[in-house]
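The next block holds one structure in the form of structure tokens; read it before the comments.
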Amino acid sequence: MPGIVGIISNSKRLADRADIDAMVECMLHEKFYVSGTFVNEQLGLSAGWVSHSGSFSDCMPIWNEAKDICLIFSGEDFRDRSEIDLLRTRGHQFDSTNASYLVHLYEEMGLEFLGRINGWFSGVIIDLREQRAFLFNDRFGVGRVCYHEYDGKFYFSSEAKSLLKVLPHLRTLDGKSLGEVFSSGAILQNRTLFTGVSLLPGGSVWSFEKGRPVRKETYFQPGLWEELPALSEREYYEELKQIWKKILPHYFPDGENIGLSLTGGVDSRMILAWAPRPPGALPCYTFSGRYRECNDVKLARKLAAFCHQPYKTIPIGREFLSQFPSLVQKVAFISEGNLDASGSIDLFVQREARKIAPIRITGTNGGELLRRLVMFKPSGSSREMLTPEMRQLVDEAESTYRKELDCHRLSFSAFKQTPWYMNSKFALERSQIMLRLPFCDNELVRLSYQAPPSLAQANAPALRLIADGNPALGRVGTDRALHLQSLPGIGKARHLVQEFTFKAEYAYDYGMPPWLASLDHKIAPLHLERLFLGHHKFHHFRVYYRDELSSFVKEILLDPRTLNRPFLRKQVVEEMARGHTAGYANYTQQIHRLLTIELVMRQLTDSN
């Protein structure tokens, strides 16, 4: 994934150049990346970067005119371009199409400029005037920075594996974090899966000066937004509409090749309804399964046609299944255990999406940030296969989760769920494409804190905004049969039908109970999955693991290396693997997590 690495020494001894090169190399996952390194002996700093070729950050390092301030930056900034043009009136020279103006903002505003950047990012400022360096990230913490202090040096990287590469003593799994992975599929409290490797909290700016300890500060606190007064329903909608019209063009600069990941829901449709692109200039695409065209495909094709935009489907079928072994290994390597084996789908479809357009606009996180949805929670599904010691850590993970959830609902979604849970998916996707999420815009999230209680978790504002932006799109129901207005009784009936098929599909896939799995095994020749699956979802791992991927599942999970892991009950894991692949049991979620953890260990902790 594109990002930054670095080593800051608090002694006269500069970090070995070979170390920084090795750290950068760990992040070079694709041929279309560009990279570089920077060394400043005065500050004892060695740094490096990786970015997509031609991206906003493909201009590192950035210097001011006096060559006494340097900036290394990874990410994007979505702001009104007129603000950037004002810098020219003050004599600054830069290319306004990339990140080069940011160093001049620091010159003019100091560290206050961090609060003005609108996007996901991380970076380092080298201020030779003050003989100090500053390490920072965005307020949400999506600009991931892993760090570890050792032997008088501060090591940091966007990916933990870079630290493991040069610090072998870090190549062990953290028990508390592993318990959280088995519990809820997410690592909490700014930790990583590896002992001694932590995450920079969101909104951080840490300063480094020779001979002094690291000064750890923040430039943003969620409490500032939590204290904002609630608006009336009318005021909130009018503000939402004006802000949406204002910010969306920032994500569609002229001349860029951008694609829209379109579904049948409300969030990507909000983008399409107001997208500043003429007909034929915004390719749209949806992911499609093998059983039938799901509701997302049917609706997205219709929506794109209404707007006269090109449309494609990206199929999930034999090609994906044939590539699964290599895909899932890469997922484990890139995500470092933060995303389970189901992320293989994300890796596959983003590779295909890049062929359509290198930049992807998506409605992801709309429900989380506009309607305060909580997308993950602890589950006891993995307890049976774990040793008593690991089950105790799972119990502790559930307690930690409950404590973290005890806060403002939107603050949990924005500042905990987004960096700890959602970011694993974002990181994998950003390894393939340049990802843009308008719903994470600073101004929009700030407004969401002012939603009146009656609208804080409602779909009505989004549906109304769609209709105001494009009436034709507003007249089409969503994948869950939601309409802004519908005939009495008919809209409710349609919604109930869609809810039934949605729950039936879940019950026949991830949620299939043991008794039904056994029955389904006995009547397998009838292929009832063709009746239930594919209406709402485009991937079905219970069936994949039972059929086409069964050999790979058994190859990994029945391997003595896996079965002898100290936190697993060998006999139970064997029974799970054999039962699921034979078709008389359903352990999809457990297989997801077992495959990921095992492949992470083989690639990042077992290997030297």
Quick check: closest heavy atoms across Gly337 and Thr596, and the distance to 0.1 Å? CA-CG2, 3.8 Å
Between CD1 on residue Ile117 and CG on residue Asn442, distance to nearest 0.5 Å: 10.0 Å
If only atom types and distance count, is the side chain of Asp138 paired as donor or acceptor with the main-chain N or O of Phe121 below 3.5 Å? yes
Any heavy-atom pair between the side chains of Leu428 and Gln350 that's under 4.5 Å? no
Using atom types as modelled, flag every donor-acceptor pair under 3.5 Å from a side chain in residues 26-33 to any protein atom, sequence neighbours excluded.
{"unit_1": "His29", "atom_1": "NE2", "unit_2": "Met1", "atom_2": "N", "d": "3.0"}
{"unit_1": "His29", "atom_1": "NE2", "unit_2": "Glu159", "atom_2": "OE1", "d": "3.0"}
{"unit_1": "His29", "atom_1": "NE2", "unit_2": "Glu159", "atom_2": "OE2", "d": "3.0"}
{"unit_1": "Glu30", "atom_1": "OE2", "unit_2": "Lys330", "atom_2": "NZ", "d": "2.8"}
{"unit_1": "Glu30", "atom_1": "OE2", "unit_2": "Gln432", "atom_2": "NE2", "d": "2.8"}
{"unit_1": "Tyr33", "atom_1": "OH", "unit_2": "Ser431", "atom_2": "O", "d": "2.5"}

Salt bridge (Lys or Arg N to Asp or Glu O under 4.0 Å) partners for Lys377, two or more places apart: none
One pair to check against side-chain hydrogen bond (donor to acceptor under 3.5 Å, both in side chains): Glu226 and Ser411. What are the steps and the verdict? CA-CA 8 Å; Glu226 293 174 1; Ser411 290; 2.5 Å; yes
So do Val103 and Trp63 actually touch side chain to side chain, heavy atoms under 4.5 Å? no
Between CD1 of Ile8 and CD of Glu209, what distance do you get to the nearest 0.5 Å? 12.0 Å
Between Cys440 and Leu369, is there a side-chain heavy-atom distance shorter than 4.5 Å? yes
Which residue in the set Phe182, Tyr587, Phe541 passes ring pair (Phe, Tyr, Trp, His ring centres under 6.0 Å) when paired with His592? Phe541
Salt bridge (Lys or Arg N to Asp or Glu O under 4.0 Å): pairs with one or both residues in residues 563-576, sequence neighbours excluded: Arg565-Glu598, Arg565-Asp606
Phe348 versus Phe287: any side-chain heavy-atom pair under 4.5 Å? no
Should Glu180 and Trp420 be marked as a side chain to side chain contact (heavy atoms under 4.5 Å, CB included) after you check the CA-CA gap, both sets of side-chain angles, and the distance that decides it? CA-CA 11 Å; Glu180 291 167 355; Trp420 298 345; over 6 Å; no
Arg436 to Tyr251 six-membered ring, cation-pi geometry met (6.0 Å, 45°): no
Is a donor from one side chain sitting under 3.5 angstrom from an acceptor on the other, for Trp120 and Asn137? no
Pick out which of Ser35, Ser57, Ser74 makes a side chain to side chain contact (heavy atoms under 4.5 Å, CB included) with Ser51. Ser57
Quick one about Glu404 and Gln189 (side-chain donor to acceptor, distance below 3.5 Å, no hydrogens or angles considered), yes or no? yes
Candidates Phe140, Phe415, Phe136 - the one meeting ring pair (Phe, Tyr, Trp, His ring centres under 6.0 Å) with Phe220: Phe415
Pair Glu107, His104 - check side-chain hydrogen bond (donor to acceptor under 3.5 Å, both in side chains), show working. CA-CA 5 Å; Glu107 276 190 286; His104 304 293; 3.1 Å; yes
Just to verify, what does Thr195 make a side-chain contact (heavy atoms from CB on, under 4.5 Å) with, not counting sequence neighbours? Thr172, Asp174
Minimum side-chain heavy-atom gap Met385-Met390 below 4.5 Å: no
Hydrogens and angles aside, do Arg212 and Ser207 bring a side-chain donor and acceptor to less than 3.5 Å of each other? no
Salt bridge or not between Arg116 and Asp77? Use side-chain N to carboxylate O under 4.0 Å. no
Does Lys165 pair with Glu25 as a salt bridge, N-O distance under 4.0 Å? no
For side chain to side chain contact (heavy atoms under 4.5 Å, CB included), just list the numbers for Phe113 and Ile125, CA-CA rounded to whole Å, side-chain angles, deciding distance to a tenth of an Å, and then say yes or no. CA-CA 12 Å; Phe113 93 107; Ile125 299 167; 3.5 Å; yes
Going by heavy atoms in the side chains, are Lys403 and Asp406 under 4.5 Å from each other? no
If every non-hydrogen atom of Ala357 is compared with every non-hydrogen atom of Ile258, which pair is closest and at what distance? CB-C, 3.7 Å
Quick one: salt bridge (Lys or Arg N to Asp or Glu O under 4.0 Å) pairs with a partner in residues 48-64, sequence neighbours left out? none
OG/Ser157 to OH/Tyr147 distance, rounded to the nearest 0.5 angstrom? 14.5 Å
CZ of Arg578 to CG of Leu558, rounded to nearest 0.5 Å, is 4.5 Å
Between His169 and Tyr150, is the ring centre distance below 6.0 Å? yes
Residues Leu604, Phe194; criterion side chain to side chain contact (heavy atoms under 4.5 Å, CB included); working and verdict: CA-CA 10 Å; Leu604 297 180; Phe194 307 100; 3.8 Å; yes
Which residues pass the side-chain hydrogen bond (donor to acceptor under 3.5 Å, both in side chains) test with Glu217, not counting sequence neighbours? Arg215
Side-chain heavy atoms of Lys153 within contact of Leu167, under 4.5 Å: no
Tell me, do Ser204 and Lys216 make a side-chain contact under 4.5 Å, heavy atoms counted? no
Check whether any side-chain N or O of Asp127 sits under 3.5 Å from a backbone N or O of Ala133 as a donor-acceptor pair, and report yes or no. no
Test side chain to side chain contact (heavy atoms under 4.5 Å, CB included) on Asn190 and Leu200 and set out the steps. CA-CA 7 Å; Asn190 296 319; Leu200 204 67; over 6 Å; no
In terms of side-chain geometry, is the basic nitrogen of Arg602 or Asp559 positioned less than 4.0 Å from the acidic oxygen of its partner? yes
Is it true that Phe376 and Tyr401 have ring centroids separated by less than 6.0 Å? yes
Roughly how far apart are His148 NE2 and Leu163 CG, rounded to 0.5 Å? 8.0 Å
